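Report on the following structure.
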Amino acid sequence: MEKIKGRNQTPIAEFIILGFGNGPELQPLVFLLFLLIYIATVAGNSLTIVLVIADHHLHTPMYYFLGHLSFLEVCYTSAFLPPLLASLLSRDRTISAKVCVGQLVIYGGLSTTETVMLSAMSYDRDPGGNQTISDVFVLVGFSYLKELQILLFVVLVVIYLLTLMGNLLVILLIKLSPSLHTPMYFFLVNLSASEICFTSSVVPQLLAHLLVEEKTISIAACAAGMYINAITGLTQCCLLTAMAYDRYVAICHPLHYTTIMSGQACALLVGASWAAGISVEVPLTMWIFSLPFCGSNRIQHFFCDFPPVLNMACADTSQIEAVGLTVTVVFTLCPFLLTLLSYARFISTILKLPSAEGRRKAFSTCSSHLTVVTVSYVTVIITYLVPNTGSTTESDLLISLLNTIVSPALNPIIYTLRNKEVKGALRKTVQKSSFSHHWRN
């Protein structure tokens with residue numbers, strides 16, 4: 001019984017997909033049938049996409065949605081049919097656990113997106129015929145600053161360059177330093193990459209608008225910017241929670257740390273963070289841009305964010321607002337509370353350590369992450385969860401500026417100045433580079 005019990009607890013690294021294994025004589029026929037269906041699906045949906053793009057008469061909202069729906073269909077069927085066709089031709093029907101999880105994530109994301117896409121297509125018809133469709137929005141932003149916009153441009157250029165260089169430096173240091181190849185820094189690499197994408201979805205457009213009077217942006221560019229901003233923003237919240245869990249395990253369960261935070265577990269946590277951002281924010285953004293926009297096309301903001309864009313819609317937005325609030329609570333407030341609980345738990349554990357030096361080292365490993373969490377979550381909660389009057393004020397613009405530009409610049413500074421391991425890796429890298437340069441000369 002002990003042997004059986006121990007064997008049942010062995011982690012499963014792969015699965016066996018039985019599929020159509022019960023009728024081996026029919027497998028060639030099933031293969032041919034599914035192959036024809038797959039070819040017809042890909043060819044038919046690809047033809048639809050090409051026709052919608054090529055024929056300007058089809059450049060209408062209905063066919064815009066139809067083109068995206070066809071693209072989703074191609075991705076959806078391509079995620080499953082090729083592996084099925086391969087298994088029908090071979091006896092090896094195994095699939096690794098990582099690939100299985102990946103297929104589940106793809107299935108969930110595409111299914112959710114397709115469902116919302118079909119719902120969005122129902123908004124395309126407007127029997128009243130009184131809506132105004134505009135090709136562009138006007139981002140009012142910091143127009144009220146007038147001549148001071150040049151000064152703001154200079155300040156933001158400096159901050160943006162610091163953000164890019166700081167996060168790239170963190171990524172390069174971790175990649176070049178074997179001592180930093182640990183779960184915490186694996187998460188930090190992904191956090192820095194998401195910070196670069198997050199701030200780059202806003203700042204270049206803002207910098208351009210600070211230099212011109214006509215602060216226009218096409219609806220397509222507005223949607224693209226919102227996609228990237230929303231996906232990376234939600235992913236950051238998930239990554240910060242994963243980093244808090246990593247610190248919790250390291251301090252509260254140090255003997256089991258390497259087992260719990262294995263390479264596979266870290267990869268799954270990072271993959272789940274990015275998958276959550278994509279599968280949740282893509283359908284929500286598509287739903288928003290399926291609404292009709294009418295009236296003034298002036299957005300009282302410096303980038304396309306959910307609240308100001310929703311204010312432009314001339315349709316009932318109560319359902320989208322409810323879904324958006326739910327997403328914000330689930331992926332922002334709940335992770336923030338879980339992170340605080342984790343810190344409360346391992347702070348109590350640290351205080352029980354007999355050595356003062358041990359307590360100091362334990363606190364130093366968490367202080368950087370706690371600072372980043374505080375800055376990130378506080379600005380997000382103020383921006384999206386604090387009730388407002390529906391119109392963007394100057395204080396709202398400053399808070400958004402702090403969230404989208406200043407916070408990503410602070411994170412690499414916090415992790416390099418408050419982290420001895422990163423500072424040590426930076427010092428070794430500089431010394432090695434100086435030695436190599438001296439040796440070549």
Side-chain angles (χ1 to χ4, degrees), residues 61 64-69 71-73 75-76 104-124 137 194 197-198 201-202 217-241 271-293 299 301 303-336 376-377 379-388 390 392 400 403-404:
Y64 173 80
F65 295 132
L66 182 59
H68 282 77
L69 184 63
F71 176 74
L72 286 174
E73 294 285 6
C75 295
Y76 184 83
L104 285 173
V105 170
I106 293 172
Y107 174 79
L110 292 178
S111 297
T112 304
T113 304
E114 188 172 355
T115 301
V116 177
M117 177 71 76
L118 290 170
S119 301
M121 293 176 72
S122 66
Y123 283 94
D124 178 57
F137 290 134
S194 67
C197 297
F198 181 75
S201 67
V202 175
I217 181 173
S218 68
I219 293 181
C222 183
M226 188 182 290
Y227 276 129
I228 299 172
N229 186 269
I231 289 171
T232 52
L234 191 147
T235 300
Q236 286 173 29
C237 293
C238 296
L239 287 173
L240 289 171
T241 306
S273 299
W274 284 100
I278 294 171
S279 60
V280 171
E281 296 295 355
V282 168
L284 185 59
T285 304
M286 291 173 61
W287 191 2
I288 290 175
F289 281 89
S290 71
L291 298 175
F293 298 107
I299 297 179
H301 215 296
F303 74 104
C304 292
D305 201 10
F306 286 110
V309 172
L310 272 181
N311 289 337
M312 307 292 294
C314 51
D316 183 14
T317 61
S318 57
Q319 291 183 345
I320 298 182
E321 290 173 357
V323 172
L325 179 61
T326 302
V327 169
T328 304
V329 170
V330 171
F331 289 97
T332 300
L333 191 58
C334 289
F336 181 56
S376 300
Y377 277 121
T379 53
V380 170
I381 290 172
I382 292 175
T383 303
Y384 296 105
L385 289 179
V386 173
N388 54 57
T392 306
S400 295
N403 180 44
T404 57

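Given the structure is predicted, the values throughout are model-derived calculations rather than measurements.
In this structure, D316 contributes its side chain and S318 its backbone to a donor-acceptor pair below 3.5 Å.
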From CA spacing to verdict: side-chain contact (heavy atoms from CB on, under 4.5 Å), T232, W274 | CA-CA 8 Å; T232 52; W274 284 100; 4.2 Å; yes

How far apart are the C-alpha atoms of N229 and F306, what are their side-chain angles, what is the distance that settles it, and do they pass the side-chain contact (heavy atoms from CB on, under 4.5 Å) test?
-> CA-CA 10 Å; N229 186 269; F306 286 110; over 6 Å; no

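Looking at I320 and L291, their side chains come closer than 4.5 Å, going by heavy atoms from C-beta outward.
A search for side chain to side chain contact (heavy atoms under 4.5 Å, CB included) contacts involving S218 returns A220, A221, not counting sequence neighbours. Take V323 and apply the side chain to side chain contact (heavy atoms under 4.5 Å, CB included) test, not counting sequence neighbours, and it matches L284, W287, V327. Judged as a side-chain hydrogen bond (donor to acceptor under 3.5 Å, both in side chains), and not counting sequence neighbours, T285 has no contacts. Residues passing the disulfide bond (SG atoms under 2.5 Å apart) test with C222, sequence neighbours excluded: C304. By the ring-ring contact (aromatic ring centres under 6.0 Å, His included) test, F336 pairs with Y377, sequence neighbours left out. Partners of F303 under the ring-ring contact (aromatic ring centres under 6.0 Å, His included) rule, at least two apart in sequence or in another chain, are H301. Applying the side-chain hydrogen bond (donor to acceptor under 3.5 Å, both in side chains) rule to T317 yields the partners E321; only residues at least two apart in sequence or on another chain are considered.
In this structure, CD1 on I231 lies 9.5 Å from OG on S279, to the nearest 0.5 angstrom. To the nearest 0.5 angstrom, T235 atom OG1 is 6.5 Å from I278 atom CD1.
Among all heavy-atom pairs drawn from V309 and M226, the shortest one is CG2-CE, 3.5 Å. Nearest approach of F331 to A276, heavy atoms of both residues: CE2-CB, 4.0 Å. Between G225 and S201, the closest heavy-atom pair is O-CB, 4.0 Å.
Aromatic ring orientation, F137 versus F293: perpendicular (interplanar angle above 60°, classes split at 30° and 60°).
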